[in-house]
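Structure first, then comments.
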Amino acid sequence: MVVRFLMLAVLMIIASAFATPEVSRVRGIFSALLAVAVLGAAIFISSSAVARLARRLRPLLVLALAAPAIWMALQLVPLPIHGLGSPIWQAASAALNEPLAERITVDVRTTAQAILHYNAVVALALLTAVVALDKQCASQLLYFLVSVAAGISGYAMLQQISGSDTALLLVNSAVPAALGLLLSSGMMVGALEQSRRIKQPSGSALGWATKLSLALLAMLTCLARILVGGQTSIVVAALLGMVIVLAVFAIRNWFYGIWGTAGVLATSAVLFLASFTIVPIRQDTDLTIALSRHQQAATERMLQDTAPTGLGAGAYPVVLPIHRDIGTAAARERPTAAAAIAIEMGRTFLCGLLIVTVLGAATLFRRSLLRGHDYVYAAIGSGAAVSLAVLALIEDGILEYGASLLAAALFGLAFAQSRPSTASEVSYSRSSRSANGVNNRDSMNPPTRSSAFGNASVRLGLGFVAVVLIAQSAWLLTQRPHLGGLPIGQPASSRTSTQALSSTPSKSLPGHGDLGAEIPATAQPKVDETAASRPEDGTHLASLNAFADALHYSPLRGDLWLMLAAISKEQKSTGYDLIALLKLSYYTAPNDLALLPLRLTVVLGTGSAASESELRELIKRDVKIALADQPALRPALLAAYQSAGADGQAFADNLISELDPGYLQGMHAGIRVPGAGTEFSPPNRVSGERRPR
């Protein structure tokens with residue numbers, strides 16, 4: 001009964017992950033469900049199941065699972081030695097006039113979210129392994145996973161053909177389709193094996209012909225989804241995994257012994273190398289993006305500038321605005337998973353991950369040859385490791401929440417069934433016994449029973465995982481996803497979001513108390529007493545605190561630096577270096593056109609901006625973009641000019657006269673000189689901002 005409940009929880013979480021948006025509170029609900037299921041497994045599963053799980057959890061495997069989480073945690077830890085962390089922390093500390101600890105990551109929040117994501121993936125893999133320890137449950141779980149992958153692929157195919165946009169959020173269904181091909185091929189092999197031993201009880205309610213038909217239908221559905229999307233390279237990646245499954249089937253049934261195995265492996269290697277002739281490979285580019293079908297100009301620049309320690313897990317979308325080209329804010333560049341891992345975690349971590357993947361695939365392949373009738377699960381796991389490694393070089397779908405949970409369930413299934421539970425389940429192929437004697441040793445020395453200490457440690461380990469999941473679900477469910485109308489968890493990547501931010505009145509921004517659940521505050525920014533003494537400035541002070549607190553943990557948010565500068569200018573606050581705030585707004589989002597109108601309004605309204613040579617060049621670049629590259633931004637330039645003071649207008653006159661004298665004359669001819677005391681309310685400026693007199 002407990003195992004059935006756990007299986008239902010696994011399937012509900014995987015299916016729901018593809019049908020719900022990737023927001024903090026939804027992930028918090030998933031973490032809570034996982035916590036309940038893992039805690040139930042730790043308390044209620046039988047001692048025999050705990051013993052079987054303990055025999056499979058080797059120290060090297062536990063270390064391999066813990067290593068990514070440990071490295072991500074180290075990226076969050078403040079570094080004691082000055083200069084080891086990212087330079088952005090020093091720049092942010094100078095601009096905010098507060099000491100900030102240096103870290104490897106450039107964004108604390110995104111790295112914390114990446115750790116929570118990884119914890120959920122590992123927890124689901126362990127939960128699936130607990131369920132799949134039972135052979136009948138493993139068989140049913142395989143059918144359910146095939147159904148989920150085929151259902152997602154079929155729905156996505158119909159959605160793409162019809163061009164309809166429904167509430168089901170299928171960000172990337174290519175990875176589920178590729179895994180569906182692999183799972184359905186394993187199901188077909190299992191059906192063929194069942195047909196060979198038809199007189200033996202199979203323990204399954206479905207006949208082999210029914211299984212074979214359903215597996216073929218699922219395979220065709222997943223293949224059609226990939227072909228409809230025009231993603232032939234993904235088909236190749238899926239076929240490479242299927243070759244592994246078929247190779248195991250061929251070795252066990254036709255090619256016995258060392259030489260037969262070597263021949264099949266040599267043939268598989270030739271097919272593996274030949275498959276890369278089908279996939280277009282870009283020349284003179286980084287290997288991590290060479291197989292990508294999309295342009296990766298910004299990603300390639302990021303790869304060249306990435307430190308060996310990486311920029312922080314999950315930090316790719318935060319760093320992207322610095323490297324992308326002008327005018328590409330609306331169409332976010334999608335890196336390959338390999339490139340994203342190299343940028344966020346470092347190339348050393350990527351190489352280590354590749355080594356672990358190869359070793360894992362080889363281990364599962366070997367164990368599939370040593371198993372009895374249930375070898376197909378380990379073969380599927382080996383093929384999945386190969387397919388996902390190739391997919392990581394093609395796209396980034398394997399890093400998405402739903403796809404990563406589906407892959408975790410697949411590997412949990414393969415891991416649980418990678419070893420026999422009893423000596424009678426070991427393969428007794430006469431050729432393998434005579435060739436290497438491996439199976440004889442396994443049969444003569446059946447697995448020993450785990451000690452009571454080992455069983456207790458497994459239960460305590462599962463309980464610890466449940467506690468971690470409870471803590472992270474509580475943190476996710478208490479998050480406040482917005483700050484002034486803009487999601488704090490992601491950078492401003494569209495004109496709509498930034499316009500909403502820039503048009504939000506500062507009085508409506510959440511105070512420091514509201515933001516406490518969103519991002520913890522460790523220090524309060526300094527605000528001049530004169531500004532704080534005005535009765536209406538209590539809310540403005542809270543707005544300053546809110547943006548400053550967010551920047552304590554996300555210092556690459558160009559939109560937040562700009563809003564902090566705008567409110568500081570509005571309130572004439574001396575707590576922050578306004579010039580430094582504006583510089584960081586330029587450096588962290590140099591090509592975000594959505595920020596340009598508000599940024600021009602602030603810099604032209606700041607009299608001291610003209611005296612800073614470095615800032616003059618940055619402003620000149622914005623003016624040049626508005627005049628030459630993006631003529632649609634000329635009204636924004638005109639509005640910023642109208643709202644500027646005398647110094648700002650004189651500064652703008654000098655810049656425009658160098659770039660386009662004709663436009664300057666036309667602009668002056670069309671501007672009515674305001675009288676004394678006249679105020680303007682140009683678009684894209686902070687509500688309530690007064691023109692300097």
Side-chain angles (χ1 to χ4, degrees), residues 68 71-72 74-75 79 83-92 102-107 110-111 114 233 276 279-329 331-355 389-399 490-491 493 554-558 561 583-593 614 617-618 621 625 629:
W71 177 236
M72 286 186 280
L74 289 177
Q75 290 181 325
L79 300 177
L84 292 181
S86 174
I88 187 60
W89 296 106
Q90 299 181 27
E102 293 187 21
R103 294 178 171 89
I104 294 176
T105 180
V106 297
D107 194 288
T110 57
T111 302
S233 56
F276 285 96
V279 180
I281 301 178
R282 292 191 294 170
Q283 303 296 325
D284 301 327
T285 188
D286 195 277
L287 181 61
T288 58
I289 57 176
L291 300 182
S292 176
R293 299 176 295 112
H294 307 288
Q295 292 296 325
Q296 305 282 350
T299 301
E300 191 166 7
R301 289 191 286 267
M302 294 166 68
L303 287 168
Q304 295 173 356
D305 297 338
T306 300
T309 54
L311 299 175
Y316 177 88
V318 179
V319 184
L320 179 61
I322 301 176
H323 297 273
R324 66 186 173 203
D325 297 325
I326 298 175
T328 59
R332 185 175 88 81
E333 185 169 310
R334 297 185 65 92
T336 63
I341 294 173
I343 292 169
E344 297 175 356
M345 307 289 284
R347 290 186 182 272
T348 303
F349 181 89
L350 177 63
C351 293
L353 182 61
L354 180 60
I355 293 173
V390 178
L391 281 173
L393 299 172
I394 298 174
E395 58 151 49
D396 66 336
I398 64 174
L399 299 179
Q490 59 186 5
S493 57
S554 300
L556 285 183
R557 288 289 300 270
W561 285 115
K583 286 182 181 179
L584 281 173
S585 172
Y586 277 104
Y587 292 145
T588 55
N591 299 323
D592 195 342
L593 297 182
E614 188 177 3
E617 294 299 321
L618 296 173
R621 180 178 180 270
I625 291 174
D629 300 331

Interatomic distance, [X] atom [atom1] to [Y] atom [atom2] [nearest 0.5 angstrom]:
| X | Y | atom1 | atom2 | value |
| --- | --- | --- | --- | --- |
| Arg347 | Leu353 | CZ | CG | 14.0 Å |
| Ile341 | Ile398 | CD1 | CD1 | 6.0 Å |
| Trp89 | Leu79 | CH2 | CG | 10.5 Å |
| Thr110 | Leu311 | OG1 | CG | 10.0 Å |
| Asp305 | Ile343 | CG | CD1 | 9.5 Å |
| Gln296 | Asp286 | CD | CG | 10.5 Å |

Is it true that the side chains of Tyr316 and Thr299 contain a donor and an acceptor less than 3.5 Å apart? yes
Between the side chain of [X] and the main-chain N/O of [Y], is any donor-acceptor distance below 3.5 Å?
| X | Y | answer |
| --- | --- | --- |
| Trp561 | Pro555 | yes |
| Trp71 | Phe349 | no |
| Gln90 | Glu102 | no |
| Ser554 | Arg557 | no |

Which heavy atom in [X] sits nearest to a heavy atom in [Y], and how many Å separate them?
| X | Y | result |
| --- | --- | --- |
| Leu303 | Ala342 | CD2-CB, 4.0 Å |
| Ile104 | Gly310 | CG2-O, 3.7 Å |
| Ala298 | His323 | CB-O, 3.7 Å |
| Arg103 | Gln75 | CB-O, 3.8 Å |
| Pro335 | Asp396 | O-CB, 3.0 Å |
| Ala114 | Ala313 | CB-CB, 3.6 Å |

So do [Y] and [X] actually touch side chain to side chain, heavy atoms under 4.5 Å?
| X | Y | answer |
| --- | --- | --- |
| Thr336 | Leu291 | no |
| Ile88 | Leu584 | yes |
| Glu300 | Ile289 | yes |
| Ser292 | Glu395 | no |
| Thr111 | Val106 | no |

Could you tell me whether Arg301 and Asp325 make a salt bridge, using a distance below 4.0 angstrom between a side-chain N and a carboxylate O? yes
Look at Arg324 together with Asp592 and state whether they make a salt bridge at an N to O cut-off of under 4.0 Å. yes
Suppose we screen for side chain to side chain contact (heavy atoms under 4.5 Å, CB included). Which residues come up paired with Ala290, at least two apart in sequence or across chains? Ile281, Thr285
Provide the full list of side-chain hydrogen bond (donor to acceptor under 3.5 Å, both in side chains) pairs with a residue in residues 306-315, sequence neighbours left out, each pair given once. none
Contacts of Arg621 that satisfy salt bridge (Lys or Arg N to Asp or Glu O under 4.0 Å) - sequence neighbours left out: none
After noting the C-alpha distance and the side-chain angles of Val319 and Asp107, does the key distance pass the side chain to side chain contact (heavy atoms under 4.5 Å, CB included) rule? CA-CA 9 Å; Val319 184; Asp107 194 288; over 6 Å; no
